[in-house]
Amino acid sequence: MNTAKTFMLMAALTALFMIAGQAMGGQQGMIIALLLALGLNFFAYWNSDKMALAMNHAREVSPGQAHDLHALVAGLAARAGLPKPKVYVIDQPTPNAFATGRDPEHAAVAVTTGLLQALDRYELEGVIAHELGHIKNRDILIGSIAAVMAGAISYLATMAQWAMLFGGGRSNDEGGGGNPLALLVTMLVAPLAATLIQMAISRGREYMADATGAEICGHPKALASALNKLAHYNARQPMEVNPASAQMYIVNPLSAGTVANLFSTHPPMEERIRRLLSM
């Protein structure tokens, strides 16, 4: 059900992008918008993992530097039927983790130093299994495309503002992109709608990763316990991260008081824990 909902939301995001492009420049604007989206998605497909790791100051660790962590990741990856991903560590005292990569053969798992200190072995297994669930479900690629599409729609909205200032309200007969009302709707509604769709996609994939992770590690209660701990730690000591990468983490790393957290990309923690305990 979540998979079907994700594809429906991705289709809605694509349609919204096409509508925004058409509002900007008619049929020609729609074609240009789609070409821009294809180019951005191509770039995101090949470089999103490098960008995410660099943005979060993650450093790769060898088996010699983190033997137990590598052994844990290798064992769970084998259980999940996945190639062993690369292992990264982020020097942050707040416990958290994320996965990245365009496919299972080019994936990486990053954990904070705080995560390794705050959780017991079973809880750590649950968190790593959750991230492997994202890799197995190919959530990283879907999330990257959704993020790029939402960003491109916001960019079109900015262009609409300039079009309003410099004669963007000419009619199609005059070679313009549409009427002022269409541009105004694009400028005000499209970015908000794109954000809401991106939120819904991210929340659905988190539920799926929880379920898949619980199956991989075999301990739904351990993952539920880890999520509860991580939620409390991150509420007390939010991480210093770029808001654009917040959706990647297993729990929201941002303070509940920040503007960036008004539209949370994570589902309610109570519901996540309830679903895991019901397994």
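- One N or O on the side chain of Arg205 and one on the backbone of Asn137 form a donor-acceptor pair closer than 3.5 Å.
- Between Thr113 and the options Thr94, Asp91, Ile90, a side-chain contact (heavy atoms from CB on, under 4.5 Å) holds for only Asp91.
- Judged as a salt bridge (Lys or Arg N to Asp or Glu O under 4.0 Å), not a single pair has a partner in residues 70-84 (not counting sequence neighbours).
- Of the candidates Arg138, Glu131, His130, His130 is the only one forming a side chain to side chain donor-acceptor pair (under 3.5 Å) with His134.
- Residues forming a salt bridge (Lys or Arg N to Asp or Glu O under 4.0 Å) with Arg236 (at least two apart in sequence, or on another chain): none.
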CA sep, side-chain torsions, deciding dist, call: Leu72, Arg121, side chain to side chain contact (heavy atoms under 4.5 Å, CB included): CA-CA 9 Å; Leu72 183 63; Arg121 179 177 176 83; 3.8 Å; yes
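- When Leu119, Val109, Val111 are each tested for a side-chain contact (heavy atoms from CB on, under 4.5 Å) with Val127, only one passes: Leu119.
- For Gln65, the side chain to side chain contact (heavy atoms under 4.5 Å, CB included) partners are Val61, Ser62, not counting sequence neighbours.
- Considering only residues two or more places apart in sequence or on other chains, Arg274 meets the side chain to side chain donor-acceptor pair (under 3.5 Å) condition with Glu271.
- Residues Leu53 and Phe98 are in side-chain contact: their nearest non-hydrogen atoms beyond the backbone lie under 4.5 Å apart.
- Annotation: side chain to side chain contact (heavy atoms under 4.5 Å, CB included) contacts of His106 (sequence neighbours excluded): Arg102, Asp103.
- Between Asn96 and Asn234, the side chains place a donor N or O and an acceptor N or O closer than 3.5 Å (distance only, hydrogens not considered).
- Residues Thr112 and Val89 have side chains not in contact (no heavy-atom distance under 4.5 Å, counting atoms from C-beta outward).
- Using a 4.5 Å heavy-atom cutoff, the side chains of Arg275 and Asp210 are not in contact.
- Residues passing the side chain to side chain contact (heavy atoms under 4.5 Å, CB included) test with Glu60, sequence neighbours excluded: Lys86, Tyr88.
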Under 3.5 Å donor-acceptor pairs involving side-chain atoms of residues 219-231, not counting sequence neighbours:
residue, atom, partner, partner atom, Å
Ser225, OG, Glu123, OE2, 2.5
Lys229, NZ, Glu123, OE1, 3.0
Lys229, NZ, Glu123, OE2, 3.4

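- With sequence neighbours excluded, the residues forming a side chain to side chain contact (heavy atoms under 4.5 Å, CB included) with Pro83 are Pro104, Glu105, listed by chain and number.
- Among residues two or more places apart in sequence or in another chain, the side chain to side chain donor-acceptor pair (under 3.5 Å) test is passed with Asn56 by Ser245, Tyr249.
- For residues 48-69, no pair satisfies ring-ring contact (aromatic ring centres under 6.0 Å, His included), with sequence neighbours left out.
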